[in-house]
Structures are given as structure tokens and as C-alpha cells.
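Given the structure is predicted, the values throughout are model-derived calculations rather than measurements. Below, chain A is the first sequence line, B the second, and so on; all start at residue 1. We use all heavy atoms of the structure for the numbers below, so side chains are in, but hydrogens, waters and symmetry mates are not.
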Protein chains: 2
Amino acid sequence: MKAKITLKDIARELEVSISTVSKALKNSEEISRDTKEKVQAFAKLYNYKPNNIAISLKNKRTKNIGVVIPDIVHHFFTTVIRGIEKYANARGYNVIVCLSEESFDKEVINMEMLANGSIDGFIMSLSSETQEKGDYNHLKEVTEQGIPVVLFDRITNEIDCDKVIIDDELGAYMATKKFIEQGKKNIALITTDDYLSVSKARTMGYIRALEESDLGVDERKVLKLPSMEMDEKSIKKFMDSQELDAVLCVNEIFAVYSMRLAQQKGLKIPEDISFIGFTDGLLSKYANPSLTVVSQHGEKMGEVSAKMLIDKVESEEEEETYQTKILEPTLVIRDSIFH
Amino acid sequence: MKAKITLKDIARELEVSISTVSKALKNSEEISRDTKEKVQAFAKLYNYKPNNIAISLKNKRTKNIGVVIPDIVHHFFTTVIRGIEKYANARGYNVIVCLSEESFDKEVINMEMLANGSIDGFIMSLSSETQEKGDYNHLKEVTEQGIPVVLFDRITNEIDCDKVIIDDELGAYMATKKFIEQGKKNIALITTDDYLSVSKARTMGYIRALEESDLGVDERKVLKLPSMEMDEKSIKKFMDSQELDAVLCVNEIFAVYSMRLAQQKGLKIPEDISFIGFTDGLLSKYANPSLTVVSQHGEKMGEVSAKMLIDKVESEEEEETYQTKILEPTLVIRDSIFH
DNA sequence: ATGTATCACGAAAACGGTTTCGTGTTAATA
DNA sequence: TATTAACACGAAACCGTTTTCGTGATACAT
């Protein structure tokens with residue numbers, strides 16, 4: 001086991017000072033060609049690599065970014081992480097992932113763990129419990145300390161920071177309008193309670209599209225589940241209780257599950273009933289029939305978030321100007337609606 | 001913006017030494033009750049939290065663990081990360097996630113980035129390119145430096161370290177045997193080239209089950225794709241070229257896709273043809289029909305890996321004994337085979 | 001009064017780097 | 001020959017902790 005070599009080791013071995021070694025490795029003008037070559041050769045031979053922790057302590061920069069998200073098993077968050085990771089890595093940053101599991105307490109603990117020097121900034125999406133409580137003091141604390149934060153997807157207006165979202169209202173509007181154009185009359189929405197910022201926006205888009213048409217909104221056609229968790233019973237009950245010819249779902253799982261319920265009733269998709277979901281995951285692609293979705297461009301979102309965060313981290317200025325980037329959703333047409 | 005407060009700040013403010021503050025906050029016996037109370041009150045008031053980086057430098061422990069995996073969008077890896085994160089978090093560790101994207105070079109770069117003090121140990125699954133090349137020098141370097149490594153799922157015997165796998169051979173054996181028991185005669189296998197350790201083991205299990213029966217192995221019934229990437233054309237060609245009544249797939253995507261192909265040909269599942277896949281993801285659960293799978297227990301795998309790693313990191317002893325934990329796969333029966 | 005514990009605290013080194021500033025040596029200039 | 005500038009390097013501070021060791025003050029026993 002050959003332990004890591006330090007500047008001190010090189011200095012001792014070569015009988016020069018630590019400062020000389022440090023400068024020589026940085027190709028400083030101050031050091032003679034001779035010494036530099038000697039030091040560099042020695043360093044290469046023993047595979048010297050500077051200790052990241054020491055550098056972090058000195059620079060007060062860790063080159064780590066903290067990502068706090070509710071869940072990682074959901075396809076959307078996974079793609080966001082991938083976007084963040086790719087971009088951050090390209091700029092020399094590492095990504096520390098923490099899961100809040102939709103819990104307020106875990107979110108707070110995770111942030112506190114990271115906020116004490118472990119990271120240069122946060123990228124996060126709020127847990128449902130946090131959005132439900134409306135308590136954002138942990139975010140305030142962090143931003144007040146001067147740690148940059150980028151909020152994506154599940155955001156709040158109570159915190160001044162950079163934000164990245166897709167236009168959820170528009171996405172739902174587009175989807176609903178599509179149904180209407182295709183002659184659907186009884187268009188349902190399966191979503192969650194309004195405390196989730198995204199669900200609220202999507203519900204608004206759905207309502208706007210219906211109000212613009214002759215159809216109007218029928219409250220019985222809207223199912224609001226308490227959370228993003230699967231709730232087979234409620235969906236089944238909802239689907240059985242009325243005649244529908246189109247269903248917009250706030251995620252792909254709800255959509256695929258309700259498609260199956262429709263199929264079990266002998267309905268044909270998309271002739272008798274059409275479906276659109278949110279999130280362009282594997283499920284949508286390989287469902288039978290394949291599911292038309294509003295794509296949230298998770299990877300792009302991650303990339304944009306990471307760029308905003310790192311730019312802020314590396315900017316010298318203390319300007320406190322924050323922006324909200326709104327990405328355009330796109331409809332990915334598949335076999336669950338008419339082409 | 002109130003910046004973080006340090007020991008030095010407290011010491012200056014209270015006109016004591018830094019050492020006194022440090023000890024007082026740790027409730028040291030050395031410090032008088034009076035002073036301790038004063039210091040602790042002040043620290044609480046100004047929300048003092050020790051700087052993680054400084055502590056890491058001192059202790060030579062970061063409380064970070066590095067996870068290097070080929071991909072994060074695959075459900076299996078996602079669940080493993082979740083298992084790691086949950087366990088690690090409970091023991092006060094953070095998880096730094098790096099994606100190799102199946103690339104050898106990225107794997108090497110990621111490991112080098114982290115190996116210079118950023119983490120206390122690695123948990124990783126090899127990229128396909130690495131397994132194909134058979135070049136494990138980056139792993140050797142790391143282990144020689146005394147950094148603990150736990151390899152999971154995609155492992156190699158060339159490196160001495162702790163390992164966690166499921167018994168892939170057994171999983172494939174169980175699945176194939178199930179087909180045989182249900183009277184299937186023409187059992188196909190859709191897998192990848194043998195350089196992937198898991199694929200090789202699964203192929204062996206498939207072969208063993210067939211050889212134990214009267215059926216025997218027919219090489220034309222085995223499709224070896226170059227990678228885990230979806231290759232619709234090859235699968236379609238394979239499925240069209242022969243009469244099959246059962247298909248075992250090395251992942252759930254291949255399985256769901258080939259199920260669809262069968263359905264398009266008018267075959268009934270499971271009567272005419274049955275399917276079993278590996279990986280118990282959303283896709284399997286919500287496919288139509290739902291897919292029977294060999295569950296790899298990703299979350300458990302992550303948990304076990306994290307436990308092994310952290311135990312090793314925190315153990316004082318220098319004992320160089322490594323173990324390989326083999327988890328039992330289980331068959332999750334769903335509608336793609338007879339119940 | 002002297003010696004010795006005990007107490008309460010501070011100085012300083014250490015972790016592994018970076019960086020500023022000072023200094024001895026050499027060479028060029030007046 | 002004396003002065004000065006350039007060169008090449010080292011000392012030391014610093015980042016924020018922890019921890020060992022030393023020490024002055026008080027209290028106690030002799």
C-alpha cells in the first residue's frame with residue numbers, strides 16, 4: 001500500500017522548501033528551469049496529486065454541488081440528475097445527491113449537512129411536505145449565508161433565487177387542446193392537490209383550454225389525489241364512475257394505469273378513449289399502446305440548472321439578481337391519441 | 001448576508017482562546033462550567049456549525065462516499081443509489097454520484113477526481129467498456145492507496161475488494177426452469193455479449209436449466225446483442241425468424257419490447273408465448289400484460305454495499321480480508337406467464 | 001513557609017495546500 | 001569598486017479545526 005504523497009514529502013526528498021515545490025508544480029516563473037524539471041519529474045514519478053480537501057479549505061471552494069430532490073426512482077428526477085451531472089462534470093464539479101423522500105425534515109437535515117462547507121451551491125426541487133407546509137426557513141438560512149441556490153420544477157415564490165421550470169400550465173393546455181381538436185368531449189384530469197406547484201399549474205392549463213372551448217369545466221371530471229404516490233383504488237373508482245373519452249394525467253404512472261383500466265373495460269385506445277401523461281419516461285415509450293406525453297425535458301432542465309448555479313458560484317460580483325428560466329414543454333405524440 | 005461564524009470569531013468576541021472555544025463546545029471537562037455556558041450560548045445564538053472541510057482535513061475522513069455507475073436512468077441503478085443513499089445518510093455519510101456512461105475513460109477520470117481526498121471509499125459497478133477492455137488499473141491504483149472499494153453487480157475477479165452481486169446464474173436458472181415446468185418447449189434468451197459479467201452468468205443459468213431438462217440448448221434461440229442499449233431491429237429480426245413459446249430477457253426493456261412484437265403478430269400472452277425479464281422496475285409492473293421478472297433487489301444491494309464500505313472505512317484494523325456477498329434473486333410472478 | 005495537586009485555560013503544532021513577502025546570491029551597471 | 005536589479009528560493013501566514021502539552025493561579029497538605 002503506497003500512501004498518497006504530499007508536497008512536504010517531495011520537499012523533504014528533494015531538499016527544497018514546500019513553497020518551492022508548490023510553485024514548481026505550477027510552473028511558476030519564480031523557479032529555475034532546473035528545479036522545476038526536477039520537481040515535476042519527481043512528482044510524476046510518484047504520481048503526486050494535490051489533496052482536494054486542502055485546496056477546498058484554502059480556496060473556500062469545494063467544487064461540489066449539492067442536489068436535494070424528493071425521489072430518485074422517478075424518471076423525471078433521474079434525467080435531471082443526469083443533466084446536472086454531465087454539465088457539472090464538464091466544468092470540474094462533482095454532484096452530491098441527497099434524497100428528501102418527500103419529507104420536510106429530511107430536506108432540512110440534508111441541507112444542513114451540506115451547508116457547512118461541503119458544497120458551493122444547491123440545486124433542488126422541493127419535497128411535497130415542504131410545499132404543503134409552506135415553511136422555507138431552511139432555504140432562507142442558506143441563501144442568507146450567501147450560498148447560491150437554484151430551484152427547479154417544484155419551486156416557491158417565497159425564496160429569492162434562480163429558478164428553472166417548464167411551463168406546466170402551457171403543457172397541460174396543449175394537451176387538453178389536442179384532445180378538444182380531436183373531438184373529445186369528456187376530458188378528465190387526474191392530478192394531485194394544489195399545494196404541489198406543478199400540479200396547480202397543470203390544472204390551470206387544463207381549465208384554460210376547456211374554458212376557451214365550448215366544453216367548459218366539469219369539476220367531477222377532475223381527480224385530485226393527495227400525493228404523487230400511486231393510489232389504484234381512487235383512480236379505479238374515478239374511472240368507473242363516469243363516461244370519459246380522454247384523460248390527462250399529471251404523470252406517466254397514473255396514465256399507464258388508467259389506460260389499463262380502460263382496456264379492461266373493453267375500451268379501445270385511442271378510438272374510444274385517449275390518454276396523455278406528463279413525463280417522457282420509459283413507461284410511456286414502452287407502454288401498450290405507447291403513451292403520448294408532455295415532455296418536461298428533464299435533462300435539459302438539469303443542464304440549465306447546473307449552468308445557472310455554477311455561473312453564480314464562479315461570478316465575482318455580488319449582484320443579487322435572480323432569474324427564472326421557463327422551458328417549453330413539447331408534446332410527444334404516440335399511440336394513445338390519434339396521430 | 002450573515003456569513004458563517006468560526007471558532008476564531010467566537011474566541012475574539014468572548015476574549016478567550018480558540019482552543020477554549022473548541023473544548024467548551026465539546027463539553028470538555030477541562031473547561032469551567034461558566035465558560036462553557038457562555039461559549040455554548042454564544043454559539044447557539046449565532047448558529048455556529050463547524051466547517052466540514054476543516055474537519056475533513058484534520059481527520060482525514062470526509063464522510064463522503066463516491067458512487068460510480070454506468071448510468072442512472074436504468075431503474076436498477078436508481079434503486080441501488082437509493083439504497084446506498086438511505087443507508088449512508090443514516091450513518092452520517094453523503095453520496096457523491098458520478099456517471100461513467102459506459103465509458104472507460106469517464107470511469108477513470110471520475111475515479112481520479114474523487115480519489116484525491118474527496119471521498120472515503122468507492123461503491124461502483126463497472127462500465128461495459130471497462131469490462132470489455134478488461135483494464136482495471138484505475139481500480140488497482142485506488143485500492144493500493146488504501147481506499148476501500150465495493151464492487152456491485154458488474155464486478156471483476158481481477159480486483160481484490162468487497163463485492164455484492166445477486167446470483168444471476170440462479171435467477172436465469174429459476175426463470176428458465178419455470179418456463180420448462182409450464183410446458184414451454186422453445187425457450188429463447190435475449191441477452192448481451194459475454195463480456196458483461198451479469199450477462200454471462202445469466203446465460204449460464206439458462207443453459208444449465210435447459211441441459212437438465214430434455215430440451216437441450218439450441219444456439220439459434222440465443223440472441224446476443226452488443227450492449228444493453230435497445231436494438232429494435234435485431235430483436236425484431238430474431239423474434240420473426242422462428243417459432244418461440246417463451247422468452248427470457250436480460251432486462252425489462254428487451255422483454256417489454258419483445259412482448260409487444262409478439263402481440264403485434266397476434267400471439268396471446270402467456271398462452272402462446274410467455275415472457276420473463278430481469279429487473280423489477282416500473283416498466284414490468286405497468287406493462288400490459290404485467291411482466292414476470294427476476295428481481296435483483298437493487299435497494300437491498302445498495303444498502304449492503306454501503307454497509308460493507310462504511311464498516312471497512314471505519315474499521316481500525318488493516319486486515320485485508322474481502323468478502324463477496326451473493327444476494328438471492330426472486331421471481332416476481334405477473335401476468336406474462338401462467339400463475 | 002514550602003511543596004504539590006488540581007483547575008482552567010492558552011500556545012502551538014498539525015492536517016495539505018497557496019501565496020505574500022523577505023533575503024541571500026549573482027550579475028550588470030555606474 | 002560600490003550600487004542596484006534580477007533571480008531563485010525560503011519563511012511564514014492563512015484556511016478552520018482538533019489536540020497535546022505547558023503554565024499560572026489557587027487550594028491543600030506538610
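Residue pairs meeting the ring-ring contact (aromatic ring centres under 6.0 Å, His included) criterion with at least one member in residues 103-157 of chain A, sequence neighbours excluded, are A:F104-A:H138.
Going from atom CG of A:D34 over to atom P of D:dA8 covers 10 Å, rounded to whole Å. Atoms NZ (A:K60) and C1' (D:dC14) sit 10 Å apart, rounded to a whole Å. The distance from atom CD of B:E29 to atom P of C:dT6 is 14 Å, rounded to the nearest whole Å. Atom CG of B:N51 and atom C1' of C:dC15 are 13 Å apart (whole Å). As a whole-Å value, the separation of B:N52 CG from D:dT17 P is 10 Å. In this structure, B:I55 atom CD1 and C:dG16 atom C1' are separated by 17 Å, rounded to whole Å. Taking atom CG of B:N116 as the reference point, atom P of C:dC15 lies 18 Å away to the nearest angstrom. To the nearest angstrom, C1' of D:dC14 lies 12 Å from CG of B:L57.
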Audit row: A:V21, A:L14, side chain to side chain contact (heavy atoms under 4.5 Å, CB included) steps and yes/no: CA-CA 9 Å; A:V21 177; A:L14 260 42; 5.7 Å; no

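Heavy atoms only, all atoms of each residue included: B:V164 and B:M301 are closest at O-CE, 3.3 Å. Listed here is the closest heavy atom pair of B:S100 and B:S127: OG-CB, 3.6 Å. B:T321 and B:K312 make their closest contact through O-NZ, 2.9 Å (heavy atoms, listed as atom of the first residue, atom of the second, distance). Nearest heavy atom pair, residue A:I72 against residue A:T78, reads O-OG1, 2.8 Å. Looking at every heavy atom in both residues, B:Y93 comes nearest to B:N64 through CD2-N, 4.0 Å. Counting all heavy atoms, side chain and backbone alike, B:E85 lies closest to B:V95 at CA-CG2, 3.9 Å.
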Tabulated below should be each protein N or O lying under 3.5 Å from an N or O of nucleotides 19-28 of chain D; please produce it.
| unit_1 | atom_1 | unit_2 | atom_2 | d |
| --- | --- | --- | --- | --- |
| D:dT20 | O4 | B:K23 | NZ | 3.3 |

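The nucleotide whose nearest atom lies closest to any side-chain atom of A:V16 is, among D:dC15, D:dG10, C:dC15, D:dG10.
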Only distances under 3.5 Å count here; give the side-chain donor-acceptor pairs of residues 142-151 of chain B to other protein atoms, sequence neighbours excluded, each with its distance to 0.1 Å.
| unit_1 | atom_1 | unit_2 | atom_2 | d |
| --- | --- | --- | --- | --- |
| B:T143 | OG1 | B:L139 | O | 3.1 |
| B:T143 | OG1 | B:K140 | O | 2.9 |

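At the phosphate of D:dG16, neither OP1 nor OP2 sits under 4.0 Å from any side-chain N or O atom of B:Y48. Taking side-chain N and O atoms only, A:S56 has no distance below 4.0 Å to OP1 or OP2 of D:dC15.
The side-chain hydrogen bond (donor to acceptor under 3.5 Å, both in side chains) test applied to B:D311 returns B:R91, B:K307, not counting sequence neighbours.
Remark: B:T6, B:L7, B:K8 in residues 3-12 of chain B come within less than 4.0 Å of DNA chain D through at least one heavy atom.
Between B:E15 and B:K38 no salt bridge is recorded (no basic side-chain N to carboxylate O distance below 4.0 Å).
Each end of the helix from C:dA1-D:dT30 to C:dA30-D:dT1 gets its own axis from five base pairs, and the two axes differ in direction by 80°, given to 10 degrees.
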